[in-house]
Amino acid sequence: MSPFRSSTGLPDNIAAAICYFFPLIGGIIFLALEKRSRFVLFHALQSLIAFGALTIGHALSGFIPLLGHLAAVLISLCSFAVWLLMIYHALGGRWYKLPWAGDIAESQLRQL
């Protein structure tokens with residue numbers, strides 16, 4: 001368990017895991033509320049970017065004839081795998097970066 005607390009009063013690892021447990025909404029809430037913990041801000045940004053892109057990809061797959069349903073199923077499975085992976089790493093207190101979303105979140109975090 002993380003000894004550090006975010007400005008919301010929750011331990012850092014719990015706050016970061018909530019960002020993923022409630023995709024998009026959790027990231028938006030902690031991005032708005034968090035003032036101190038860069039760990040929580042990083043995970044909130046990464047959650048928004050990753051699950052936002054997956055949601056857009058899922059919606060766009062509906063416009064693909066014939067293979068759109070297969071693409072939607074694959075994106076759903078990928079989303080579930082990313083969801084589990086990121087909750088696991090956030091609860092463990094690790095700064096796990098997804099391949100492209102983590103880089104974008106890290107660059108945005110430097111600007112805050």
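Numbers for residues simply follow the sequence, beginning at 1.
Of the inter-residue distances, the one linking Cys19 atom SG with Phe39 atom CZ reads 9.5 Å to the nearest 0.5 angstrom. For the atom pair CD1 of Ile28 and CG of Leu31, the computed distance is 8.5 Å after rounding to the nearest 0.5 Å. Rounded to the nearest 0.5 Å, atoms CD1 (Ile49) and CG (Leu24) are 11.5 Å apart.
With sequence neighbours excluded, the residues that form a side chain to side chain contact (heavy atoms under 4.5 Å, CB included) with Ala50 are Leu98, Ala101. Applying the side chain to side chain contact (heavy atoms under 4.5 Å, CB included) criterion to Leu33, with sequence neighbours excluded, gives Thr8, Ile29.
For residues 18-27, every residue pair satisfying the side chain to side chain donor-acceptor pair (under 3.5 Å) rule, not counting sequence neighbours, is listed here: Tyr20-His43, Tyr20-Gln46. A side chain to side chain donor-acceptor pair (under 3.5 Å) check over residues 28-41, counting only residues at least two apart or in different chains, returns the pairs Ser6-Glu34, Ser7-Glu34, Asp12-Ser37.
Neither Leu48 nor Trp100 shares a network with the other; the hydrophobic side chains, linked directly or stepwise wherever heavy atoms of I, L, V, M, F, W or Y lie under 4.5 Å apart, form separate groups for each.
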Using atom types as modelled, flag every donor-acceptor pair under 3.5 Å from a side chain in residues 53-71 to any protein atom, sequence neighbours excluded.
residue, atom, partner, partner atom, Å
Thr55, OG1, Phe51, O, 2.7
His58, NE2, Ser76, OG, 3.1
Ser61, OG, His58, O, 2.6

Atom pairs and distances, donor-acceptor, side-chain atoms in residues 85-96, under 3.5 Å, two or more places apart:
residue, atom, partner, partner atom, Å
His89, ND1, Arg94, NE, 3.0

Inset, instruction - Show the numbers, then the answer: is there a side-chain contact (heavy atoms from CB on, under 4.5 Å) between Leu10 and Ile18? - result: CA-CA 10 Å; Leu10 294 170; Ile18 291 172; 3.9 Å; yes
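Taking all atoms of both residues into account, the shortest heavy-atom contact from Trp83 to Pro23 is CD1-CG, 3.8 Å.
Of the residues Ile75, Leu77, Val82, the one that meets the side-chain contact (heavy atoms from CB on, under 4.5 Å) test with Ser79 is Ile75.
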